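Below: the structure, in structure tokens.
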Number of protein chains: 2
Amino acid sequence: MNNQFITPDGYTSDIAVFTITSEQVGEYKPPKKELKIMLIKRSELDHEGNSNMEAGKWALPGGFVLPEETAFQAAERRLAEETGVEGLKIKHFGVYDSPGRDLRGWIISNAHYVTASEAALRSRKKTYDASEIGLFTLAEALELDLAFDHRTIMDDALWFIKKDMALTTLAKHFLPEEFVLSELQGVLLTVLDDPSISTDAAFFRKAPTLPFIEAVLEDGKPKKSNRYSKTPAQLYRFNDFQPIVSVYRNKLQG
Amino acid sequence: MNNQFITPDGYTSDIAVFTITSEQVGEYKPPKKELKIMLIKRSELDHEGNSNMEAGKWALPGGFVLPEETAFQAAERRLAEETGVEGLKIKHFGVYDSPGRDLRGWIISNAHYVTASEAALRSRKKTYDASEIGLFTLAEALELDLAFDHRTIMDDALWFIKKDMALTTLAKHFLPEEFVLSELQGVLLTVLDDPSISTDAAFFRKAPTLPFIEAVLEDGKPKKSNRYSKTPAQLYRFNDFQPIVSVYRNKLQG
DNA sequence: CTAATAGTGTCTCTGAGACACTATTAG
DNA sequence: CTAATAGTGTCTCAGAGACACTATTAG
């Protein structure tokens, strides 16, 4: 294609991968859950042997978009190439195009976020693009020396995670198929601060009535689990109900 | 800047401008409200005298982003240049970068939407980029032969308008400072379909209690208006309360 | 007076919030 | 038995939904 138009110097795709880790804190106790983000340490050289911009700094996985793909597809591809992780739900949330955001020139980045269960990230591995790869709590990550404007992108991504956690059934991506109410509560509390979630009596009464989760049955009997308690606790799963909320109405709608 | 990277052929910004028109349907009657979108008819020649791509078709206002600005700033600038409209609230909602979406090459577009009162669009005017400019209902607009993938962009924009109308105080951008409950109801009903809004008894009882609107006082007395009824009706205004909703809670939070 | 818009009175029922209470089980 | 997690019983109160009713005013 000719260059008849004013064109940017590059078009990239970045991905903020979030997960919620479970730390076993004792037998028959609900684990401690924490929101973490996956970052890579940029290699000194890229795979063509050229020295890498912002090498040695921690950064979001990402890279240049190819002409035959969309930024979304590039996000999938780069995530696999840089971290070995595949098959996750990716969502676009913003564009970063301030002049000067990247010293290499006028480079536009599409930012995506991914919500993954801890298990899904187990396959992560170092690659030639990433000399290290790690999971950080948000507090830790904000202490790091981050490449480009990735700190801003992370802040924004976190805001979208919080919003989607409150407005959609996003929590399901951080949970196993079948889960116990205290697990759901733990996931929600990593991100949301609400008495109706943090108060046990309120949460345990309300949650079973939520239209988008349902009790799991086995042979017609309630299926229970002891994984986090001596008392057998009911297992739940998300169904396909997509709740719709509105500031003009109090009840949930389908 | 050198061209060391794989670069797109162009970077553009498009704007879907929405308004809600009021059609007086009789004296002392609430007007008929309708959601409309502002489109331009692409000129045969651009301002440099070159023939314009997709000339003669209806399209969203928009244009190329300059290297020293962001897509957001380009949206502001192009809206002023192409339609003469300024000072509106612009929000980014998506990126369109499918290969082949624009026959001129690999061209990425950032899509924005704008919510304007009818009055704000009164200053719209034809320019050298727009041989015509018009307001269309969504039904009308979807009948038109639209340029590029602007039909898709419009569909998506509409979806965001609906979402934001339900989740935020977006309605305020379509209303005068001080308004009457039936006006608010009319605005909401152009986009939302909910019995708690369309049922008069329910809406008129609920609306005055919403935390983000308040009754207007004048000399300590309720301020009323007869603009749409013989009965004087209370005037309301939006305050700065930003409602937060959640699928895990029924009540609104600040 | 009528007709139209803008509300309110009153009922029922659901569900939130608070707080104490019960249930289950490993060890 | 104890200790810990997972709930439930019961009360009160706010508010949604339904439906009939009242209030205000131009003409």
Side-chain angles (χ1 to χ4, degrees), chain A residues 22 24-33 178-186 188-189 194-211 213 215-216 221-236 243-253, chain B residues 22 24-33 178-186 188-189 194-211 213 215-216 221-236 243-253:
Chain A
S22 287
Q24 199 66 24
V25 63
E27 265 200 322
Y28 303 111
K29 274 185 183 313
K32 186 180 163 214
K33 293 196 178 283
E178 301 183 351
F179 56 89
V180 128
L181 289 187
S182 64
E183 286 182 279
L184 173 58
Q185 186 186 31
L188 297 176
L189 287 178
D194 189 315
S196 70
I197 296 172
S198 57
T199 309
D200 286 350
F203 186 76
F204 280 87
R205 188 184 307 271
K206 166 97 182 184
T209 73
L210 291 171
I213 72 173
V216 180
K221 299 277 167 203
K223 187 173 175 190
K224 312 235 173 184
S225 161
N226 287 58
R227 53 183 128 167
Y228 300 128
S229 64
K230 299 170 179 173
T231 316
Q234 176 64 50
L235 285 168
Y236 291 86
I244 299 176
V245 285
S246 160
V247 297
Y248 299 100
R249 189 187 351 96
N250 281 21
K251 292 209 178 167
L252 281 186
Q253 210 176 51
Chain B
S22 287
Q24 199 66 24
V25 62
E27 264 200 324
Y28 303 111
K29 273 185 184 312
K32 187 178 161 217
K33 294 195 179 281
E178 301 183 352
F179 57 88
V180 127
L181 290 186
S182 64
E183 287 182 278
L184 173 59
Q185 186 187 29
L188 296 176
L189 287 177
D194 188 317
S196 70
I197 296 173
S198 56
T199 310
D200 286 350
F203 186 76
F204 279 87
R205 188 183 307 271
K206 166 97 181 185
T209 72
L210 291 171
I213 71 173
V216 180
K221 299 277 168 204
K223 187 173 174 190
K224 313 235 174 187
S225 161
N226 286 60
R227 53 183 127 165
Y228 300 127
S229 64
K230 298 170 180 175
T231 317
Q234 176 66 49
L235 285 167
Y236 292 86
I244 300 178
V245 285
S246 160
V247 298
Y248 299 100
R249 191 187 348 99
N250 281 20
K251 292 209 180 167
L252 281 187
Q253 208 175 51

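The structure displayed is predicted, hence computed values, not measured ones. Numbered from 1 within each chain, the chains take letters A, B, ... in sequence-line order.
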Problem - Counterpart base for dG27(C), defined by Watson-Crick or G-U wobble contacts under 3.5 Å - result: dC1(D)
Practice task
Report the nucleotide, chosen from dT5(D), dG7(D), dA23(D), that has the shortest atom-to-atom distance to any side-chain atom of K29(A).
Solution key: dT5(D)
Practice task
Report yes if some heavy atom in the side chain of Y248(A) is under 4.5 Å from a heavy atom in the side chain of L188(B); otherwise report no.
Solution key: yes
Problem - Within-4.5 Å side-chain heavy-atom neighbours: V245(B) and S246(A) - result: no
Problem - From dA6(C), dG27(D), dT24(C), nucleotide with atom closest to E27(B) side chain - result: dG27(D)
Handout entry: Interatomic distance, D194(B) CG vs dG17(D) P [rounded to whole Å]
Key = 8 Å
Practice task
Would you mind reading off the distance between Q185(A) atom CD and dG7(D) atom P, rounded to a whole angstrom?
Solution key: 11 Å
Completion exercise
Atom CZ of F203(B) and atom C1' of dA18(D) are separated, to the nearest Å, by 18 Å
Handout entry: Whole-Å gap separating C1' (dA3(D)) and OH (Y28(A))
Key = 14 Å
Handout entry: Under 3.5 Å on both distances, the Watson-Crick or G-U partner of dA18(C)
Key = dT10(D)
Handout entry: Touch class at under 4.0 angstrom, heavy-atom based, for T209(A) against every strand present
Key = nothing
Exercise for the section: For Q234(B) and V180(B), work out which heavy atoms get closest and say how close. Expected result: O-CG2, 3.6 Å
Problem - Trace of the side chain to side chain contact (heavy atoms under 4.5 Å, CB included) decision for Y236(A) with L184(A) - result: CA-CA 9 Å; Y236(A) 291 86; L184(A) 173 58; over 6 Å; no
Exercise for the section: Just call it for A202(A): base, sugar-phosphate, or nothing, with non-hydrogen atoms closer than 4.0 Å on any strand. Expected result: nothing
Exercise for the section: Considering just the side-chain nitrogens and oxygens of K251(A), establish if one lies under 4.0 Å of OP1 or OP2 belonging to dA16(D). Expected result: no
Exercise for the section: Remember a base hit wins even if backbone is also touched, and classify R205(B) as base, sugar-phosphate or nothing at under 4.0 Å, heavy atoms. Expected result: base
Fill in the blank from the handout: Of dG7(D), dG7(C), dT24(C), the nucleotide closest to the side chain of A233(B) is dG7(C)
Practice task
Write down the atom of I244(B), the atom of R249(B), and the distance for their closest heavy-atom approach.
Solution key: O-NH1, 3.6 Å
Practice task
Report yes if a side-chain nitrogen or oxygen of K230(A) is closer than 4.0 Å to either non-bridging phosphate oxygen (OP1 or OP2) of dA6(D); otherwise report no.
Solution key: no
Exercise for the section: Name the nucleic acid region contacted by P30(B), choosing base, sugar-phosphate or nothing; use a 4.0 angstrom heavy-atom cut-off, strictly under. Expected result: sugar-phosphate
Exercise for the section: Using a 4.0 Å heavy-atom cut-off across all strands, classify S229(A) as base, sugar-phosphate, or nothing. Expected result: sugar-phosphate
Exercise for the section: For Q234(A) and for N226(B), find the nucleotide of DNA chain D with the closest heavy atom, then tell me which residue's nucleotide is more 5'. Expected result: Q234(A)
Practice task
Enter the distance from Y228(A):OH to L181(A):CG here, rounded to the nearest 0.5 Å.
Solution key: 13.0 Å
Exercise for the section: Whole angstrom is fine here: how far is it from CG in D200(B) over to C1' in dA20(D)? Expected result: 14 Å
Exercise for the section: Output the single nucleotide from dT5(D), dC19(C), dT24(D) whose closest atom is nearest the side chain of A201(A). Expected result: dC19(C)
Completion exercise
Y248(B) OH to dG15(C) P, in whole Å, measures 18 Å
Completion exercise
The nucleotide from dT5(D), dG15(D), dT25(D) with an atom nearest the side chain of P232(B) is dT25(D)
Exercise for the section: Pick base, sugar-phosphate or nothing for S182(B), based on heavy-atom distances below 4.0 Å to the nucleic acid. Expected result: sugar-phosphate
Completion exercise
Taken to the nearest whole Å, CZ/F179(A) to C1'/dA6(D) is 16 Å
Handout entry: dG15(C) OP1/OP2 closer than 4.0 Å to side-chain N/O of K206(A)
Key = no
Fill in the blank from the handout: note: L210(A), atom CG; dA16(C), atom P; distance rounded to Å ~ 9 Å
